[in-house]
Novice: 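Questions regarding the structure given below will be posed in turn.
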Amino acid sequence: MKKIVIIGANDFQRPLIQKAHEMGYETHVFAWREGATGAKDADYFYEISITEKEKILKICRQIRPQAVTTIGSDLANITVQYLAEKLGLPGNSRECIENSTNKFQMRSAFLKAGIWTPFFGVVGENDVIQVPGYPVIVKPTDRSGSRGITRVECEEELQAAVSRAIEQSFEKKAIIEEYIKGSEYSVETISYQGRHTLLAVTKKYTTGNPHYIEVGHLEPAPLKPEIKEKIRKTVFAALDALKVENGAGHSELRIDRDGNVRIIEIGSRMGGDCIGSDLVPLSSGQDFVGMVIDVAAGNPPQIKKNVKQHVSAIRFLMNMKEIHNLNRIKENYPQTVRKIVQESAVEGASIVDSGSRPGFYILQTDSMEEMEKLLHPGPEVNPIQIFETPVQKLGSYDKENHFYMKRDDLLPFSFGGNKVRFAREFVEDMKEKHCDSMIIYGNYHSNLCRILATLCHQLSVPCYMIHNTEDIKDNCETNNSRIIRRMGVREIRCGKQTIAEAVQTAMDELTEKGYRPYYIYGNTRGEGNEHIPMRSYEKTYDELYNWEKENHTFFDYIFLASSTNATQSGLLAGSLKYEDNCKIVGISVSRNEKRGKEVIAGNVRKYAELYSQMLPENWEQKIYFTDEYMEGGYASYSEAVAQTIRQVYDSDGIPLDMTYTGKAFYGMMEYLKKQKITGKNILFLHTGGLPLFFDFLEDDK
């Protein structure tokens with residue numbers, strides 16, 4: 001009977017032991033008993049550490065195997081090479097194993113072969129190295145499984161990261177490398193007598209900075225054919241540089257925004273995390289484990305042709321939310337579940353590297369679209385409930401007109417405001433698009449950021465805030481900022497010229513962590529989602545229209561604070577739908593008049609196209625927007641605005657704020673005076689801002 005020696009017996013090695021049985025081999029497996037779940041699958045199990053090469057060799061001489069192999073472990077791979085060389089069996093050279101299991105020697109081999117290589121250097125506990133720039137990655141020279149990896153942002157963090165890596169290293173050394181930007185992938189190959197075959201490219205998801213522990217993998221990676229070909233050429237050259245001639249190869253690389261392929265590291269073995277053993281056959285139909293056994297026995301790998309392609313993925317049980325997602329999939333899509341392994345409790349787990357993850361599950365679908373729906377269900381519920389807000393009759397403010405106020409500040413979520421209506425529509429859109437994280441835009445004065453940060457916290461979805469620091473003149477603490485920070489927002493600061501770059505950075509980070517991000521304004525240029533918040537205020541106009549009919553009171557003017565112009569655009573869309581004569585006047589708090597009118601016109605035009613609505617002739621003449629009352633710019637205010645806030649609260653008990661509603665109410669009164677408007681029904685839309693009102697009270701002493 002054919003005999004095979006397998007080094008290692010944990011759960012990732014079980015498919016190798018089982019496959020060898022299927023192929024008619026008598027299996028002899030060596031590993032410590034602890035964690036050796038594959039021991040029960042072995043014909044013969046030897047409770048010997050995989051590092052005790054001489055002990056294993058002595059037994060192997062008695063076994064006289066036809067092959068010796070392993071999958072998914074650098075440490076086991078060292079022993080496999082030693083045994084194969086001593087027993088005269090097929091395998092890779094000692095130089096190959098040294099190159100592919102020691103990261104410093106690997107980088108040196110790449111450099112010698114002319115393959116692009118970042119700055120790198122090796123250090124021991126007491127060594128000093130000059131780092132040309134930050135960030136850098138620090139990791140042990142000779143470990144795998146994300147052990148001891150840290151991204152270091154500055155010199156002060158370097159020594160602690162080096163000590164952490166050295167502690168995990170067998171040779172007590174750490175490698176320091178320039179951080180390589182880009183999305184991370186792995187490449188699975190099989191080599192036979194120096195000829196390489198690419199089997200799959202896998203998208204990798206990690207916890208991100210600082211330790212980059214894998215949270216999942218997706219296969220095949222969604223890449224353009226030209227990028228895949230560039231990967232193939234780069235990886236094959238790197239395999240040659242390491243002198244990989246026989247067996248599996250697992251290459252890890254990054255692809256930057258310019259399409260450059262940069263090698264991180266390569267193992268002359270199959271990848272761990274069930275990539276080679278499960279994902280490759282599930283997605284490509286190729287028997288990767290069988291190929292590893294064939295090559296180890298000196299036979300060419302059997303590459304199947306014209307095999308039906310599928311999509312496969314593995315997700316690791318990092319938290320209770322992942323458990324919830326698994327239970328949802330089991331209940332609704334049980335046919336997609338291929339394997340579930342849970343070795344320990346998820347709740348309260350301390351996950352410091354790949355080996356401490358409590359478990360995983362593996363999925364298979366026929367299409368990428370099906371897989372995306374499984375991995376990214378989006379919000380299951382919408383926590384925001386909208387009711388018809390009251391219209392309140394106000395006292396007299398100019399003795400010439402009749403004043404009313406629609407109290408959207410009373411909407412029941414995070415202190416209310418028009419952005420609550422926006423938020424509800426955003427959640428509905430996230431559900432439709434299966435997005436499970438959110439990118440918001442604004443600053444610490446922003447009511448929208450306060451409400452969306454609270455929403456994300458309630459939904460337990462990651463929230464990234466693009467913080468335009470140029471919009472405000474100071475960085476003082478506000479009640480909005482206190483709430484936003486309390487909600488655990490990840491802040492990315494930027495200026496006006498780098499907003500798109502900051503949005504892309506947020507999208508990249510979330511995507512790398514396995515999320516599908518939702519930017520509230522659409523693409524990186526802030527385009528594509530204009531209709532979402534508009535829709536909320538076209539619906540609000542229905543409320544106003546019905547109120548007018550029921551109360552036999554019709555508004556001649558609607559005034560509001562207008563910043564991004566979405567609220568005003570939605571109200572105008574509603575007014576045009578009913579073909580009434582109400583004038584909707586936006587009092588700008590940030591944009592100049594020309595730009596504001598352009599945005600409103602563009603919004604309404606796109607909205608009409610999207611919903612197949614006809615716009616009346618000369619409708620642009622109904623755009624009323626003025627920048628005359630900004631009183632120093634966004635987040636600034638004058639004594640006249642402060643006096644308006646005091647007056648409205650004293651007269652009607654209604655809180656206004658100095659950034660939005662107070663400025664807009666003041667602007668409304670000045671506008672009416674300047675335009676000599678009298679005898680009209682005037683509605684002021686209260687768009688919220690209660691936390692900012694309390695900021696005003698703190699300052700108004």
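A quick note: this is a predicted structure, and the numbers were derived from the prediction, not measured.
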Novice: For a side-chain contact (heavy atoms from CB on, under 4.5 Å) with Y361, tell me which candidate from V341, I323, I340 qualifies.
Specialist: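 Result: among V341, I323, I340, I340 is the only option passing the side-chain contact (heavy atoms from CB on, under 4.5 Å) with Y361.
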Novice: Do I255 and I231 come close enough that some side-chain heavy atom pair is under 4.5 Å?
Specialist: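 SC-SC contact between I255 and I231 confirmed.
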Novice: Are more than 12 heavy atoms, taken from residues, nucleotides or ligands other than E34, located less than 6.0 Å from that residue's CD atom?
Specialist: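 Atom CD in E34 is not packed in, count stays at 12 or less.
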Novice: Check whether any side-chain heavy atom of T117 lies under 4.5 Å from a side-chain heavy atom of I263, and answer yes or no.
Specialist: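 Contact flag for T117/I263 side chains = no.
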Novice: Please check: side-chain N/O of N246 versus main-chain N/O of Q193, any donor-acceptor pairing under 3.5 Å?
Specialist: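 Here the side-chain-to-backbone pair exists.
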Novice: Could you tell me which non-hydrogen atom of I351 sits nearest to which non-hydrogen atom of P358, and how far apart they are?
Specialist: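 Smallest interatomic distance, heavy atoms only, reads CD1-CD, 3.8 Å.
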Novice: Nearest 0.5 Å, what's the CD1-CD distance between I362 and Q364?
Specialist: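 Spacing of CD1 (I362) from CD (Q364) equals 10.5 Å.
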Novice: Could you work out, with ring pair (Phe, Tyr, Trp, His ring centres under 6.0 Å) as the rule, every residue matching Y44, not counting sequence neighbours?
Specialist: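 Scan of Y44 (ring pair (Phe, Tyr, Trp, His ring centres under 6.0 Å), adjacent residues dropped) gives H28.
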Novice: Would you call E265-K139 a salt bridge at under 4.0 Å N-O?
Specialist: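 Salt bridge flag = yes for K139 with E265.
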Novice: Would E153 and R151 pass as an ion pair if we require N to O under 4.0 Å?
Specialist: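 Salt bridge between E153 and R151, a charged N being under 4.0 Å from a carboxylate O: yes.
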Novice: How long is the straight-line distance from CD of E156 back to OH of Y134, given to the nearest 0.5 Å?
Specialist: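 These two atoms lie 8.0 Å from each other.
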Novice: Indicate whether any N or O donor in one side chain lies under 3.5 Å from an N or O acceptor in the other, for D353 and H211.
Specialist: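 Side chains of D353 and H211: no pair found under 3.5 Å.
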Novice: Atom CE in M291, atom CE in M270: separation rounded to 0.5 Å?
Specialist: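 CE of M270 is found 9.0 Å from CE of M291.
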Novice: Do S367 and E370 have side-chain atoms, one donor and one acceptor, less than 3.5 Å apart?
Specialist: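 Looking only at side-chain atoms, E370 and S367 do form a donor-acceptor pair, the distance falling under 3.5 Å.
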Novice: Check whether T27 reaches the backbone of D43 with its side chain - one donor and one acceptor, N or O, closer than 3.5 Å.
Specialist: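 Side chain of T27 to backbone of D43: a pair is present.
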Novice: Determine the interplanar angle of the H217 and F316 rings, folded into 0 to 90°, and report it as parallel if under 30°, tilted if 30 to 60°, perpendicular if over 60°.
Specialist: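 Judged by the thresholds at 30° and 60°, the geometry between H217 and F316 is perpendicular.
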Novice: Salt bridge or not between D127 and K173? Use side-chain N to carboxylate O under 4.0 Å.
Specialist: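 The answer is no: the pair does not qualify as a salt bridge.
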Novice: Of all heavy-atom pairs between I180 and P118, which one has the smallest distance, and what is that distance?
Specialist: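 Nearest heavy atoms, I180 then P118: CD1-CG, 4.0 Å.
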Novice: Less than 4.5 Å apart, side chain to side chain, heavy atoms only: is that true for H250 and I275?
Specialist: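 In short, these two side chains touch, coming nearer than 4.5 Å.
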Novice: Return yes if some donor-acceptor pair links the side-chain N/O of Q286 with the main-chain N/O of F288 below 3.5 Å, else return no.
Specialist: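 No, Q286 side chain to F288 backbone: no donor-acceptor pair under 3.5 Å.
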Novice: If every non-hydrogen atom of A174 is compared with every non-hydrogen atom of T141, which pair is closest and at what distance?
Specialist: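 In terms of heavy atoms, the two residues are closest at C-CG2, 3.7 Å.
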Novice: Could you check whether any side-chain N or O of E219 sits under 3.5 Å from a backbone N or O of V311, counting only pairs where one atom can act as donor and the other as acceptor?
Specialist: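 Here the side-chain-to-backbone pair does not exist.
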Novice: If we only count heavy atoms from C-beta on, is the Y46 to I63 side-chain gap below 4.5 Å?
Specialist: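 They are in contact (side-chain heavy atoms under 4.5 Å apart), so the answer is yes.
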Novice: Is there a side-chain contact between M320 and H324 (heavy atoms, below 4.5 Å)?
Specialist: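 The answer is no, as the side chains (C-beta and beyond) never meet within the 4.5 Å cut-off.
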Novice: Any idea which heavy atoms bring T365 and T336 closest together, and the distance?
Specialist: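 Smallest interatomic distance, heavy atoms only, reads CG2-CG2, 4.2 Å.
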Novice: Counting only heavy atoms not in K513, do more than 12 fall under 6.0 Å of its NZ?
Specialist: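 Enclosed: over 12 neighbouring heavy atoms sit under 6.0 Å from NZ of K513.
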Novice: So S354 and R147, side chain to side chain donor-acceptor pair (under 3.5 Å) or not? Walk me through it.
Specialist: CA-CA 7 Å; S354 297; R147 294 178 181 88; over 6 Å; no
Novice: Go through it in stages, so that I can follow the logic: the residues are D41 and R14, the test is salt bridge (charged side-chain N to carboxylate O under 4.0 Å, His left out), and I'd like the CA-CA distance, side-chain angles, deciding distance and then a yes or no.
Specialist: CA-CA 7 Å; D41 300 299; R14 289 189 69 186; 2.7 Å; yes
Novice: With a 4.0 Å cut-off, would you call D273 and R357 a salt bridge?
Specialist: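 R357 and D273: salt-bridged.
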Novice: Check for me whether K203 meets the cation-pi criterion with Y205, that is, NZ or CZ under 6.0 Å from the six-membered ring centre and within 45 degrees of the ring axis.
Specialist: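 Yes, K203 sits over the ring of Y205.
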Novice: Less than 4.5 Å apart, any side-chain heavy atom of R328 and any of Y333?
Specialist: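 Yes. Closest side-chain heavy atoms under 4.5 Å.
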Novice: Using only atom types and a distance under 3.5 Å, with no angle test, would you say the side chain of K103 pairs donor to acceptor with the backbone of R143?
Specialist: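 Such a contact is found between K103 side chain and R143 backbone.
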Novice: Flag yes if more than 12 heavy atoms outside K3 fall under 6.0 Å of its NZ atom; otherwise flag no.
Specialist: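 It does: K3 NZ has more than 12 such atoms within range.
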Novice: Under a 4.0 Å threshold between the charged nitrogen and the carboxylate oxygen, would E125 count as salt-bridged to K172?
Specialist: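 Salt bridge flag = no for E125 with K172.
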Novice: Atom NZ of residue position K2 - does it have more than 12 heavy atoms of other residues, nucleotides or ligands inside 6.0 Å?
Specialist: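 Yes.
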Novice: Do R315 and E322 sit within salt-bridge range, that is, some charged N less than 4.0 Å from a carboxylate O?
Specialist: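 Between E322 and R315 there is a salt bridge, with a charged N closer than 4.0 Å to a carboxylate O.
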Novice: Is a side-chain N or O of D256 found less than 3.5 angstrom from the main chain of D258, in a donor-acceptor match?
Specialist: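 Checking the backbone N and O of D258 against the side chain of D256, a donor-acceptor pair under 3.5 Å is found.
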Novice: Could you pull out the closest heavy-atom pair between I115 and A238, with the gap in Å?
Specialist: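 Smallest heavy-atom distance, with atoms named: CD1-CA, 3.5 Å.
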Novice: Go through K19 and E22 one step at a time and tell me if the salt bridge (charged side-chain N to carboxylate O under 4.0 Å, His left out) criterion holds.
Specialist: CA-CA 5 Å; K19 175 59 66 174; E22 291 177 24; 3.1 Å; yes
Novice: Around atom CD of E347, are there more than 12 heavy atoms from other residues, nucleotides or ligands closer than 6.0 Å?
Specialist: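 At most 12 heavy atoms, drawn from other residues, nucleotides or ligands, come within 6.0 Å of this atom.
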Novice: Determine, step by step, whether N77 and S268 satisfy the side chain to side chain donor-acceptor pair (under 3.5 Å) criterion, reporting the C-alpha distance in whole Å, the side-chain angles of both residues, the deciding distance to 0.1 Å, and the verdict.
Specialist: CA-CA 8 Å; N77 204 22; S268 57; 2.9 Å; yes
Novice: Could you go through the salt bridge (charged side-chain N to carboxylate O under 4.0 Å, His left out) check for D287 and K304 one step at a time?
Specialist: CA-CA 8 Å; D287 185 359; K304 299 176 185 177; 5.7 Å; no
Novice: For Q504 and D508, which I'm curious about, is there any donor-acceptor pair between the side chains at under 3.5 Å?
Specialist: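 On atom types as modelled, these side chains qualify, holding a pair under 3.5 Å.
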Novice: Please determine whether a side-chain nitrogen of the Lys or Arg among E229 and R232 lies less than 4.0 Å from a carboxylate oxygen of the Asp or Glu.
Specialist: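 Yes, charged N to carboxylate O under 4.0 Å.
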Novice: How about F45: does its CZ atom have over 12 heavy atoms from other parts shown lying under 6.0 Å from it?
Specialist: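 It does: F45 CZ has more than 12 such atoms within range.
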Novice: Counting only heavy atoms not in Q309, do more than 12 fall under 6.0 Å of its CD?
Specialist: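 Yes, enclosed.
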Novice: For a quick test of reading the model, state the closest non-hydrogen atom pair linking G276 to V289 and the distance between them.
Specialist: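 Of all heavy-atom pairs spanning G276 and V289, the closest is O-CG2, 4.4 Å.
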Novice: Examine distances only and state if a side-chain atom of T511 and a backbone atom of M507 form a donor-acceptor pair shorter than 3.5 Å.
Specialist: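 Yes, because the side chain of T511 sits within donor-acceptor range (under 3.5 Å) of the backbone of M507.
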Novice: Between T79 and I50, is there a donor-acceptor pair closer than 3.5 Å when you use the side chain of the first and the backbone of the second?
Specialist: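 Yes; judged by distance alone, with no hydrogens or angles, the pair exists.
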Novice: Can you find a heavy atom in the side chain of L363 that is under 4.5 Å from one in the side chain of R338?
Specialist: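 No, their side chains stay 4.5 Å or more apart.
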Novice: Does the Q13 side chain pair with the main chain of T70, one donor and one acceptor, at a distance under 3.5 Å?
Specialist: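 No: the side chain of Q13 does not pair with the backbone of T70.
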Novice: So for atom CZ, which belongs to R64, do other residues, nucleotides or ligands contribute more than 12 heavy atoms lying within a distance under 6.0 Å?
Specialist: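 It does not: R64 CZ has 12 such atoms or fewer within range.
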Novice: Give the intermediate values and the outcome of side chain to side chain contact (heavy atoms under 4.5 Å, CB included) for residues E157 and T150.
Specialist: CA-CA 10 Å; E157 300 173 358; T150 307; over 6 Å; no
Novice: Determine whether a donor-acceptor pair (N or O, by modelled atom type, separation under 3.5 Å) exists between the side chain of S191 and the backbone of G194.
Specialist: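 No; judged by distance alone, with no hydrogens or angles, the pair does not exist.
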Novice: Taking C-beta and beyond as the side chain, do I293 and L16 meet within less than 4.5 Å on heavy atoms?
Specialist: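 Touching, per the 4.5 Å side-chain cut-off.
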Novice: Pick from E214, E188, E512: which one makes a salt bridge (Lys or Arg N to Asp or Glu O under 4.0 Å) with K204?
Specialist: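 Output: one option passes, namely E214.
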Novice: So does R490 pair up with E509, basic N to acidic O under 4.0 Å?
Specialist: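 Salt bridge: yes.
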Novice: Are the charged groups of D74 and R269 less than 4.0 angstrom apart, N to O?
Specialist: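 Yes, this pair counts.
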